[in-house]
Engineer: 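Sharing a structure here in structure tokens format.
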Amino acid sequence: MLTRRLGGGRGQHAGWISVAWVYLLATLTWLIAMVRQTPCHQTPTNSSPDRLGWMCYTDVTSLYFRGDALAGHLPQANGGIPYIDVLWEYPVLTGYFATLANFLSSLLGADLRLGISGDQGLINASIYFSVTAVGLFICFLWLMSSMIRIAGDNPLVIYGVALSPLVMTTSLINWDLLVVALTAAGLASWLEGKPLWAGVFWGLGVAAKLYPLVIIGALMVLCFRRGAWTTRVTRSWLVMASVGVAVWLLVNLPMMVTHLEGWSYFYTFNLGHRGADLGSIWLGLKLVGLPVGDPGLWARVVMMIGYGGLALLIYFARRAPSAPQIAYLAVAVFVVPNLVYSPQYVLWMLPLLLVVRPRLRDLVIFTLGELFYFCTIWWYLRKNDLTLGLGDVPWVYVFAIVTRIGITVWLMVVVVRDVVSVKVNHLPSNKTPATRN
């Protein structure tokens, strides 16, 4: 009985993988992430901590105080509700997550009335951040449960996420772990031949952040391979996509119907004329004096070329790429040319990379590149001297952008090579298409 509770009977990797150990080490990782936030904890005597110097900036508390009283937009610190009272630049499910955290904060002592003192606002923010961190910790544990389902008995895949320095550094910058957990749960369900549940999780994921949509779209190309319309993979995709659309509508309709302007702000904000932003190759070109005329147009062109190439790969490869390979490449094509490549986007990539490339070398190179960028972005925003004495260009930051994107492109090439070099392997007939793809 005790053996089963600690992870099951002894097997090939006995002592390496145990559910109890995975969750325990993931909890240790989360505690380190929380300790990193200590210098940024706002108090009446430390109301303006050096978030950039300590590299512990978080959108969670920064957006908590954002509002526009003249326009009637109340910050969450005064009980403002995203999409109704607060201009919220994230999809609806993330707004619901933030609203629930604020409601729970009010039950735990946060005073959300108008006219509160500045000190009370700091207390509110502290409670709100703590509640949000607990919610994101639950998402992290959920992510680990999905990684166990996906990885089987490969300890590097599981512990590579559970003990990742990238989780320790970026997990509390934003609410991204919510969509990462949903995406991983959807992938695990798809691989287990459960398209309905994959649709539920991916539909919720798109409602939290858009990037799972590119995975759904890329998997659709599998349906167009020769004879695919008569196979279970196509039927599975149609079930998954239909359920995903229904779930997305169910989550979004309340705000679409009642507060269309607030609901649409995320889309108008991101689809409008947005310039080259942090982490993007377009900002790197701008900093060195080689700006492109319309970075938004160039980003879309590069994405279209990338997705066209991915579609050709999926369609013409001797053997269809696996769902994790398709998912990794689809997300990578999305982030590489994007107008913004935030530090926490690494959380989108890490689980998928470990599944498709469970190699210690690749993980180390990827981690070092991301940590290098993580440090330099805060130095850049803090206006540290990154010029190396060579004019006014922040060369260190530019090099970090190029290094990070270069490593991602290299890993994409490696995954493509894996796809095209694989030998035809006829799986047993009892494997469903959804399972093997």
Side-chain angles (χ1 to χ4, degrees), residues 59 63 82-83 87-98 136 139 143 170 173-187 190 198-221 237 240-256 260 262-275 277-280 282 295-297 299-304 306-307 310-311 323 326-352 408:
D59 284 337
L63 295 180
Y83 317 110
L87 289 177
W88 195 251
E89 56 201 56
Y90 300 97
V92 165
L93 190 60
T94 301
Y96 292 165
F97 187 95
L136 292 175
C139 292
L143 169 64
T170 67
I173 293 178
N174 205 294
W175 295 267
D176 286 66
L177 269 177
L178 171 62
V179 64
V180 172
L182 288 167
T183 303
L187 182 60
W190 178 262
V200 170
F201 294 130
W202 281 338
L204 290 172
V206 176
K209 214 145 194 174
L210 291 183
Y211 85 85
L213 185 63
V214 302
I215 299 175
I216 297 172
L219 286 174
M220 181 182 65
V221 183
W237 186 88
M240 177 268 293
S242 300
V243 172
V245 170
V247 169
W248 183 88
L249 283 173
L250 184 64
V251 173
N252 280 266
L253 271 178
M255 287 300 165
M256 291 172 66
L260 180 61
W263 171 84
S264 64
Y265 179 74
F266 162 75
Y267 300 96
T268 57
F269 176 79
N270 285 279
L271 297 179
H273 187 71
R274 186 173 186 172
D277 214 330
L278 294 171
S280 70
W282 317 113
L297 174 61
R300 289 190 290 271
V301 168
V302 175
M303 281 188 192
M304 289 175 62
Y307 284 123
L310 178 57
I326 293 172
Y328 175 78
L329 291 173
V331 176
V333 170
F334 180 76
V335 299
V336 166
N338 211 323
L339 289 174
V340 59
Y341 194 172
S342 300
Q344 69 272 16
Y345 288 6
V346 66
L347 298 173
W348 304 2
M349 309 293 294
L350 176 65
L352 297 174
T408 302

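From a predicted model like this one, the values you see are computed outputs, not experimental measurements.
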Engineer: Can you tell me how far apart OH (Y96) and OH (Y83) are? Round to the nearest 0.5 Å.
Structural biologist: 7.5 Å
Engineer: Counting C-beta onward and ignoring hydrogens, is there a side-chain heavy-atom pair between V180 and C139 closer than 4.5 Å?
Structural biologist: no
Engineer: To the nearest 0.5 Å, tell me how far S342 OG sits from N174 CG.
Structural biologist: 7.5 Å
Engineer: Flag the pair F201 / L187 as yes when at least one side-chain heavy-atom distance between them is below 4.5 Å, and no otherwise.
Structural biologist: no
Engineer: Checking side chain to side chain contact (heavy atoms under 4.5 Å, CB included) for the pair Q344/L177: CA distance, chi angles, key distance, verdict?
Structural biologist: CA-CA 9 Å; Q344 69 272 16; L177 269 177; over 6 Å; no
Engineer: Can you name the nearest heavy-atom pair linking P91 to A207, along with the distance?
Structural biologist: CB-O, 3.1 Å
Engineer: Please report the closest heavy-atom contact between A208 and L182, naming both atoms and the distance.
Structural biologist: CB-CD1, 4.5 Å
Engineer: L143 and L347: side chain to side chain contact (heavy atoms under 4.5 Å, CB included), yes or no, with the steps?
Structural biologist: CA-CA 11 Å; L143 169 64; L347 298 173; over 6 Å; no
Engineer: Restricting to non-hydrogen atoms, name the atom on Y328 and the atom on T408 that form the minimum distance, rounded to 0.1 Å.
Structural biologist: OH-O, 4.1 Å
Engineer: Does the side chain of L219 reach to within under 4.5 Å of the side chain of W202, using non-hydrogen atoms?
Structural biologist: yes
Engineer: Could you go step by step and tell me if Y341 and W282 meet the side chain to side chain contact (heavy atoms under 4.5 Å, CB included) rule?
Structural biologist: CA-CA 10 Å; Y341 194 172; W282 317 113; over 6 Å; no
Engineer: Once you round to the nearest 0.5 Å, how far does CG of N252 lie from CZ of F266?
Structural biologist: 10.0 Å
Engineer: If you round to the nearest 0.5 Å, how far is CZ of R300 from CG of L339?
Structural biologist: 8.0 Å
Engineer: Pick from L136, V179, V92: which one makes a side-chain contact (heavy atoms from CB on, under 4.5 Å) with F97?
Structural biologist: L136
Engineer: With sequence neighbours excluded, tell me which residues meet side chain to side chain donor-acceptor pair (under 3.5 Å) with W248.
Structural biologist: none
Engineer: Would you say the side chain of W237 lies within less than 4.5 Å of the side chain of W190, judging by non-hydrogen atoms?
Structural biologist: yes
Engineer: List the atom of L213, the atom of V206, and the distance in Å for their closest heavy-atom pair.
Structural biologist: N-CG2, 3.6 Å
Engineer: Would you give the length of the straight line joining atom NZ of K209 to atom CG of D176, rounded to the nearest 0.5 angstrom?
Structural biologist: 3.5 Å
Engineer: Minimum heavy-atom separation for A218 to L310, with atom names?
Structural biologist: CB-CD2, 4.0 Å
Engineer: To the nearest 0.5 angstrom, please state how far the CG atom of N338 sits from the CE atom of M303.
Structural biologist: 4.0 Å
Engineer: Can you tell me how the ring of Y345 sits relative to the ring of W348, calling it parallel under 30°, perpendicular over 60° and tilted otherwise?
Structural biologist: parallel
Engineer: Could you work out, with side chain to side chain donor-acceptor pair (under 3.5 Å) as the rule, every residue matching Y211, not counting sequence neighbours?
Structural biologist: T183
Engineer: For residues P337 and A332, report the shortest heavy-atom separation together with the two atoms involved.
Structural biologist: CD-O, 4.4 Å
